[in-house]
Amino acid sequence: MAEQKIEFYKGPAGGWGALRSVKNALLRQDIPIKGARTLLSANQPDGFDCPGCAWPDRNHHSTFEFCENGAKAVAAEATARRAGPELFARYTVSELAAQSDFWLEDQGRLTHPMVYDAATDRYVPVEWDAAFALVARHLNALPDPDQAIFYTSGRTSNEAAFLYQLFVRQYGTNNFPDCSNMCHEPSGSAMNPQIGVGKGTVSLADFELADAIFIFGQNPGTNHPRMLGELRAAHRRGARIVSFNPLRERGLERFQDPQSKMEMATLGSTPISTQYFQLRVGGDLAAVKGLMKHVLEQEDARPGTVLDHAFIAQHTTGFEALAADLRAERWDVLEAESGLTEAQLRSAGDVYIGAGSAIFCWGMGITQHPHSVATIQMLVNLLMLRGNLGRPGAGACPVRGHSNVQGDRTMGIWEKPPARLLDRLQQVFGFEPPRRHGVDTVGAIRLMLEGRGRVFFALGGNFAAATPDTYETWKALRRCDLTVHVATKLNRSHVVHGREALILPCLGRTEIDVQAGGPQGVTVEDSMSMVHISAGINPPASGHLLSEPAIVARLAAATLGERSRTPWLWLVEDYARIRDLIERVFDDFKDFNARLAVPGGFRLRNRASERMWVTASGKASFVVHPVPRDTPVHRARARVRDTLVFTLITTRSHDQYNTTIYGMDDRYRGVFGQRRVVFIHPEDIRALGLKDGDWVDIRTVWDDGQERRADRFRLVAYDIPRGNLAAYYPETNPLVPLSATAIVAGTPTSKAIPVVLVPCEAAPPEGGADAGERVRALASAD
Ligand SMILES: Nc1nc2c(c(=O)[nH]1)N[C@H]1C(S)=C(S)[C@@H](COP(=O)(O)OP(=O)(O)OC[C@H]3O[C@@H](n4cnc5c(=O)[nH]c(N)nc54)[C@H](O)[C@@H]3O)O[C@H]1N2
Ligand SMILES: Nc1nc2c(c(=O)[nH]1)N[C@H]1C(S)=C(S)[C@@H](COP(=O)(O)OP(=O)(O)OC[C@H]3O[C@@H](n4cnc5c(=O)[nH]c(N)nc54)[C@H](O)[C@@H]3O)O[C@H]1N2
Ligand SMILES: [Mo]
């Protein structure tokens with residue numbers, strides 16, 4: 001076990017620390033040499049798309065873009081370690097369930113399809129055909145297709161996602177919960193009605209032109225490290241970079257580019273943010289409103305010089321109502337709710353006014369809040385006041401997470417499919433698609449809890465750990481007749497299973513995929529709507545793996561049989577055939593196969609970036625929203641008066657990919673060898689009568705009488721606003737109530753949980769406290 005310590009990190013983001021960390025990651029996975037070759041193929045024209053994040057590549061040119069966390073993601077997949085049948089013979093599933101998330105994935109790549117054997121409480125090997133027959137039997141026995149649930153995580157390729165939605169809709173349901181429901185759903189929910197697209201409007205070229213880049217609630221140094229390269233270049237040419245974040249994230253402060261020989265040799269670095277606003281958690285809507293109020297007041301003082309009147313007149317509706325609302329807004333309310341002063345808000349507003357063109361980026365710090373949709377609409381309002389949409393160097397940039405989460409939605413992984421998609425499926429494939437909307441992630445958990453969701457199938461991801469209200473979710477999964485997981489690595493979701501259960505191991509993106517028609521590539525769409533091909537270079541982790549498209553096709557054939565007129569097995573012989581079908585369903589994919597031949601692929605049309613508004617009014621709309629003052633946190637504070645009620649954000653460490661834990665360090669935040677920590681303001685520690693390093697249990701304050709707790713966290717004095725706490729996910733997911741969801745979008749509000757802290761004894765070593773918790777929870781989930 002690594003030494004546990006808390007030590008302020010003095011260095012910049014990136015630099016030698018990043019190189020050292022990659023070396024360690026490769027050593028851990030026993031892949032010093034192969035790993036290096038694999039790393040060099042990430043994001044190359046003839047290589048694979050990095051399975052890390054959705055940040056776009058510089059045109060897939062051939063210089064290697066170094067990215068520490070991309071390298072860790074690749075190493076995790078290309079590991080030499082294997083979780084084969086011997087592992088499952090050695091441990092019962094109950095024994096596996098007592099292990100930590102880290103331990104489970106650390107066993108390595110899954111090698112064989114496995115089926116749960118209740119008599120021995122073990123997973124045992126199963127033939128692929130028998131596995132598909134088992135799923136088909138369950139699906140075909142359901143009285144109503146809406147009792148089946150089909151989850152998707154965002155690594156799934158376009159080809160697999162397209163086949164999957166086609167299969168499931170032919171089967172008869174729109175029950176497509178996905179990771180997006182927990183992630184950028186609010187961005188789509190906000191922007192679709194407002195400007196007619198649910199995606200970002202910028203491309204990388206805009207980053208070269210922007211005079212100002214505003215970053216709200218996003219931590220690129222850890223989660224999108226290649227974005228730091230763009231920010232560094234922007235800073236160097238004089239662009240202003242303004243960050244809004246309750247935590248001082250190192251990657252938003254300074255960056256040492258591992259590809260700059262000069263910076264590496266001299267230990268130099270480039271500052272990133274020109275201004276940093278440490279606002280209060282959940283304070284963004286108020287802050288953005290403050291910026292808008294300032295913009296309007298400046299326009300009043302210097303008429304005709306601040307607003308883009310031509311844009312507003314020609315392209316928008318609703319300006320007058322917004323202006324009236326802003327004029328009536330009070331600075332004291334904006335200050336109290338944002339945690340920033342009027343002077344700070346005005347100075348940020350001045351940077352915005354001073355910029356000829358501006359880009360707004362945002363991440364989970366914006367979306368995982370009750371008022372996320374409103375906040376995003378306010379961000380778009382602010383952009384539109386100065387015409388910062390649909391022109392060079394300007395626009396909206398929701399920074400997606402999973403490498404193909406955007407593409408999966410484009411392909412129709414959506415529980416609320418638009419009628420035009422269903423009409424087209426009907427026309428092209430000659431079947432009657434279900435029109436009822438399906439369940440999203442939270443809806444799926446409820447359906448299973450009520451006993452009306454009986455088969456749960458997951459194409460990737462880790463539903464049991466990524467979702468809110470962990471033990472409710474476990475109860476839900478354990479009520480299923482059958483749970484099935486297509487996966488690369490063992491995880492929590494495989495050991496918290498239904499009465500019957502399957503683990504179906506698949507190829508990863510780094511691996512060569514050979515079908516009857518020869519080696520295949522798949523396509524993905526990045527955060528800026530670039531679609532390109534990805535082809536693996538490593539031999540498969542095991543000879544028994546199937547590709548995701550092949551798994552979906554064989555399952556479809558087994559389930560639908562004669563009922564389907566789609567030639568499933570023929571389609572997966574050559575993925576170009578799948579792409580021909582994609583082209584027939586989506587007009588924007590015209591000449592799909594031909595356009596992939598261009599290195600770097602092609603950009604999907606984005607009508608908002610052409611100033612074409614596919615909205616009800618045919619215009620972009622300004623939307624009015626009040627400053628939220630009745631959130632669950634406000635209500636909890638009003639109710640609990642004798643103790644401090646904090647707002648907890650649940651976030652990522654530098655050593656994890658969502659529920660995949662790579663290691664126990666969070667280097668930039670100075671945490672080493674441990675994860676059960678909670679960041680807190682030193683004055684708040686004093687107010688609790690405690691001291692730095694003391695241990696606490698965390699309890700949620702909610703209004704449904706249910707106890708939610710996560711025990712044994714170590715207090716870490718930190719530069720965070722008073723009244724706010726931060727801790728890592730997924731350990732804190734038991735604290736997030738199922739009913740804590742974003743208005744309209746339904747996204748769990750993982751960054752806005754009202755909690756209290758209860759002192760406890762010092763914790764036993766890592767894994768101890770929460771192993772006990774897991775065993776108890778599993779027992780009580782039955
Ligand atoms: N290495 C690595 N890369 C990843 C991932 C990973 O886990 N590891 N995950 C991938 C996925 S799926 C996603 S969605 C993205 C996630 O990437 P991010 O969007 O960066 O997500 P988080 O790490 O949760 O961090 C959110 C940031 O928001 C800040 N924040 C919290 N609350 C507020 C608030 O109220 N207001 C503001 N302004 N800021 C706030 C936090 O301090 C933190 O800096 O990254 C993707 N890339
Ligand atoms: N409290 C809290 N909860 C959150 C968040 C938060 O910030 N706070 N963030 C939310 C967000 S933004 C997201 S996106 C979700 C993530 O939710 P998910 O996408 O469901 O979770 P991951 O941890 O990314 O999934 C990891 C698993 O994916 C499998 N896998 C990896 N590569 C492949 C592949 O190529 N194919 C297949 N089939 N499987 C593969 C591996 O078995 C691995 O164990 O979590 C959400 N949950
Ligand atoms: Mo995400």
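Here the structure is a predicted model, which is why all the values come from computation and not from measurement. All residue numbers in this chain count up from 1 along the given sequence. When a ligand or atom number is given, it counts from 1 through the structure's own listing order.
Of the candidates T222, I649, I720, it is I649 that places a heavy atom closest to atom 32 (N) of ligand 1. Of the listed options R155, R280, K72, M364, M364 places a heavy atom closest to atom 21 (O) of ligand 1. When the heavy atoms of T659, D284, N724 are ranked by distance to atom 37 (C) of ligand 1, first place goes to D284. Compare R652, R248, H184, Q656 by their heavy atoms: the one nearest to atom 8 (N) of ligand 1 is in Q656. With N69, N245, I366 as candidates, the residue nearest to atom 41 (C) of ligand 1 on a non-hydrogen basis is N245. Atom 33 (C) of ligand 2 has its nearest heavy-atom neighbour, among T488, L459, N223, in T488.
Below 4.0 Å from some heavy atom of V486 lie the following atoms of ligand 2, by number and element: 37 (C), 38 (N), 39 (N). If you number the atoms of ligand 1 from 1 as listed, the ones under 4.0 Å from a heavy atom of P246 come out as 30 (N), 33 (C), 37 (C), 39 (N), 40 (C). Those atoms of ligand 1 that come under 4.0 Å of a heavy atom in C53, given as number and element, are 47 (N). Of all atoms in ligand 1, numbered sequentially from 1 with element shown, those under 4.0 Å from a heavy atom of G363 are 19 (O). Atoms of ligand 2 found under 4.0 Å from any heavy atom of S750, numbered from 1 in the order shown, are 1 (N), 2 (C), 3 (N), 8 (N). Numbered from 1 in the order shown, with element, the atoms of ligand 1 that lie under 4.0 Å from a heavy atom of H402 read 12 (S). Atoms of ligand 2 lying under 4.0 Å from any heavy atom of E548, numbered from 1 in the order shown and given with element: 34 (C), 36 (N), 37 (C), 38 (N). Residue-ligand proximity, L247 to ligand 1, at heavy-atom distances under 4.0 Å covers atoms 42 (O).
Assignment of N733 to the shell around ligand 2 is supported, since a heavy atom sits closer than 4.0 Å. Residue contacts with ligand 1 leave out G52, since none of its heavy atoms falls under 4.0 Å from the ligand. Ligand 1 lies less than 4.0 angstrom from a heavy atom belonging to H369.
Scanning the protein heavy atoms around atom 44 (O) of ligand 2, the nearest turns out to be E105 OE2, 2.6 Å. Atom 45 (O) of ligand 2 has as its closest protein heavy atom Y729 OH, 2.8 Å.
For the pair A466 and ligand 2, the shortest N or O to N or O distance falls below 3.5 Å. By the 3.5 Å distance cut-off applied to N or O atoms, T467 is not counted among the residues near ligand 2. Below 3.5 Å of separation, one finds an N or O of G461 facing an N or O of ligand 2. The shortest N or O to N or O distance between K751 and ligand 1 is below 3.5 Å. Considering both main-chain and side-chain atoms, F244 comes within under 3.5 Å of ligand 1 through a nitrogen or oxygen pair. Note: an N/O pair closer than 3.5 Å links G282 and ligand 1 by distance alone. Close N/O approach between Q368 and ligand 1 is not found [any backbone or side-chain N/O within under 3.5 Å]. Not one N or O of T650 is nearer than 3.5 Å to an N or O of ligand 1, by distance alone.
Side chain to side chain, T659 and N462 meet the donor-acceptor criterion of an N or O pair below 3.5 Å.
When the salt bridge (Lys or Arg N to Asp or Glu O under 4.0 Å) test is applied to R652, no partner is found at least two apart in sequence or on another chain. With sequence neighbours left out, the side-chain contact (heavy atoms from CB on, under 4.5 Å) criterion links A75 to L26, Q29, I31.
No part of V399 comes within 4.0 Å of ligand 1, judged by heavy-atom distances.
By the 30° and 60° cut-offs, the orientation of the rings of F244 relative to F216 is parallel.
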